[in-house]
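Residue numbers start from 1 in every chain, and the chains themselves are labelled A, B, ... in the order their sequence lines are given, proteins ahead of strands. The structure displayed is predicted, hence computed values, not measured ones.
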There are 2 protein chains.
Amino acid sequence: MATAARRGPYFCGIDAAMDVVAGKWKSLILWELHHHGIRRFAELRRGLPGVSEKMLIQHLREMEEDGLVHREVYREVPPKVEYSLTEHGVSLNVALASLGEWGTARMGRIGAEKISGDVAATARR
Amino acid sequence: MATAARRGPYFCGIDAAMDVVAGKWKSLILWELHHHGIRRFAELRRGLPGVSEKMLIQHLREMEEDGLVHREVYREVPPKVEYSLTEHGVSLNVALASLGEWGTARMGRIGAEKISGDVAATARR
DNA sequence: CGGCATCCCCCACGATACTG
DNA sequence: CAGTATCGTGGGGGATGCCG
């Protein structure tokens, strides 16, 4: 069963926000959806090298439950499902922007490498 | 041995930032140190109800290794150790501010409760 | 006071296989 | 294509006890 966020009680706002973003891939899913607007399941998979099918769907479901992601199902053959950010999800991404800049600066500071596009999934421990 | 951040490679800045903040209490430690400036070990413990001694010291060491926290040891009897944020740690906290506001807003949205205590009580705007 | 050492548990996460 | 189902595991994290 998907657990999603524990929904409190929290120590403070950061605690509540981290709860929703906790999970190995959630912030990356946010990032991916933010930059592409709408993405199909397979597109998301390709955008997140190394993610397993199971974790991707699980995180997506939890984020949907938390009101961050919208899931649109098209009853066709072959199946087609589109994921996008809700208003709430967009606002979270905006709030994450400054953190992203900090992280980028830190990467330069410590000389960390960046995973570009479809470079090896194995790069990630 | 403490692992601290994996130090890359990363997908993006958010990835790098989340890596450093990942851990059940790290963001809360940041918050606590930010609002009190300098704190002794026992003070931090009291400010984070529920944290175990082991996790607190482990997270503090990792954050020190990541350059976020400064550890000042006084060779006295009884022992005295003071923790504070480095410049880098302060900048991370600044970057976390907007996320904290988002989380606070979300708490209202979903009707989550707040853990009352030193951390929450000292939060002011 | 401020740690470090140990034991142990749970579950987030991964791998694999199958389905509408 | 977009999922389910199931099993196994690593390590994050809790509890407890000892030490300078």
Side-chain angles (χ1 to χ4, degrees), chain A residues 1-6 11 15 18-29 32-33 38-66 69-84 120-125, chain B residues 1-6 11 15 18-29 32-33 38-66 69-84:
Chain A
M1 184 195 74
T3 312
R6 66 174 201 271
F11 284 95
D15 192 13
M18 292 300 296
D19 186 26
V20 134
V21 175
K24 194 167 177 178
W25 303 93
K26 286 192 181 176
S27 64
L28 267 10
I29 292 173
E32 189 74 6
L33 287 178
I38 295 180
R39 298 239 90 178
R40 300 185 55 172
F41 186 80
E43 290 174 334
L44 275 174
R45 256 206 103 173
R46 260 175 270 123
L48 276 4
V51 72
S52 70
E53 230 170 53
K54 172 190 164 186
M55 289 317 300
L56 182 54
I57 190 63
Q58 182 177 310
H59 281 162
L60 282 168
R61 287 283 151 85
E62 292 174 9
M63 291 167 77
E64 187 187 1
E65 193 177 331
D66 289 334
V69 164
H70 174 69
R71 181 167 177 265
E72 189 74 34
V73 182
Y74 297 85
R75 292 220 155 261
E76 307 172 351
V77 175
K80 176 180 171 185
V81 180
E82 288 180 345
Y83 293 92
S84 57
T122 32
R124 230 182 181 222
R125 228 190 354 184
Chain B
M1 187 189 124
T3 313
R6 68 175 200 270
F11 283 96
D15 193 12
M18 292 299 297
D19 185 25
V20 133
V21 175
K24 194 168 179 179
W25 304 93
K26 286 193 183 176
S27 64
L28 267 10
I29 292 173
E32 188 75 5
L33 287 178
I38 297 180
R39 297 238 91 179
R40 298 185 56 173
F41 186 80
E43 290 174 335
L44 275 174
R45 257 206 101 171
R46 263 176 267 123
L48 275 4
V51 73
S52 71
E53 222 171 59
K54 172 190 164 186
M55 288 320 297
L56 184 52
I57 190 64
Q58 182 177 309
H59 281 162
L60 282 169
R61 287 287 150 82
E62 291 173 10
M63 291 167 77
E64 188 189 358
E65 194 176 331
D66 288 335
V69 164
H70 174 68
R71 181 168 178 264
E72 188 74 36
V73 182
Y74 297 85
R75 292 221 157 261
E76 305 172 355
V77 177
K80 177 180 170 184
V81 179
E82 288 181 345
Y83 292 94
S84 58

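The nearest whole Å value for the distance from the CD atom in B:Gln58 to the P atom in D:dG12 is 7 Å. Between B:Arg45 atom CZ and C:dC4 atom C1' the separation is 14 Å, expressed in whole Å. For the pair A:Leu56 CG and C:dA15 P, the interatomic distance rounds to 14 Å; values are reported in whole Å. Nucleotide C:dA12 holds its C1' atom 11 Å from the NZ atom of A:Lys26, rounded to whole Å. In this structure, A:Arg71 atom CZ and D:dA2 atom C1' are separated by 9 Å, rounded to whole Å. Rounded to an integer number of Å, the gap from CD of A:Glu72 to C1' of D:dA2 is 15 Å. Counting to the nearest Å, the P atom of D:dT4 and the CZ atom of A:Phe41 are 9 Å from each other. For the pair A:Glu62 CD and C:dC11 P, the computed distance is 14 Å after rounding to whole Å.
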Practice item. Test B:Arg39 against B:Tyr83 for side-chain hydrogen bond (donor to acceptor under 3.5 Å, both in side chains), laying out the working first. Key: CA-CA 5 Å; B:Arg39 297 238 91 179; B:Tyr83 292 94; over 6 Å; no
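Among all heavy-atom pairs drawn from B:Leu44 and B:Glu32, the shortest one is CD2-CG, 3.6 Å. Minimum interatomic distance between A:Lys26 and A:Val20 (heavy atoms only, all atoms of both residues): CD-O, 3.4 Å.
Under the 3.5 Å distance criterion, the side-chain polar atoms of A:Glu65 are left unmatched by any main-chain donor or acceptor of A:Glu62. No side-chain donor-acceptor contact under 3.5 Å links A:Gln58 to the backbone of A:Met55.
As judged by a 4.0 angstrom heavy-atom cut-off over every strand, A:Arg75 is placed among residues making no nucleic acid contact.
Residues A:Pro49 and B:Phe11 form a side-chain contact, since some pair of their non-hydrogen atoms from C-beta on lies under 4.5 Å apart. Taking the side chain as every heavy atom from C-beta outward, A:Trp25 and A:Leu48 approach each other to under 4.5 Å.
Contact annotation: A:Arg40 side-chain N/O to D:dA2 OP1/OP2 distance is under 4.0 Å. Phosphate proximity of C:dG3 to B:Tyr83: present, with a side-chain N or O under 4.0 Å from OP1 or OP2. Residue B:Arg61 has a polar side-chain atom (N or O) positioned under 4.0 Å from OP1 or OP2 of C:dG3. For D:dG12, the OP1/OP2 oxygens have no side-chain nitrogen or oxygen of B:His59 closer than 4.0 Å.
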**Study point:** Reading 5' to 3' through nucleotides 14-20 of chain D, protein heavy-atom contacts under 4.0 Å coded B for base, S for sugar-phosphate only, - for none
**Key:** BB-B--B
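Under a 4.0 Å N-O distance rule, the pair A:Glu82/A:Arg71 does not qualify as a salt bridge. Classification of A:Glu72 and A:Lys80 as a salt-bridged pair fails, no side-chain N sitting under 4.0 Å from a carboxylate O.
Rounded to 10 degrees, the angle separating the terminal helix axes of the helix from C:dC1-D:dG20 to C:dG20-D:dC1, each built from five base pairs, is 50°.
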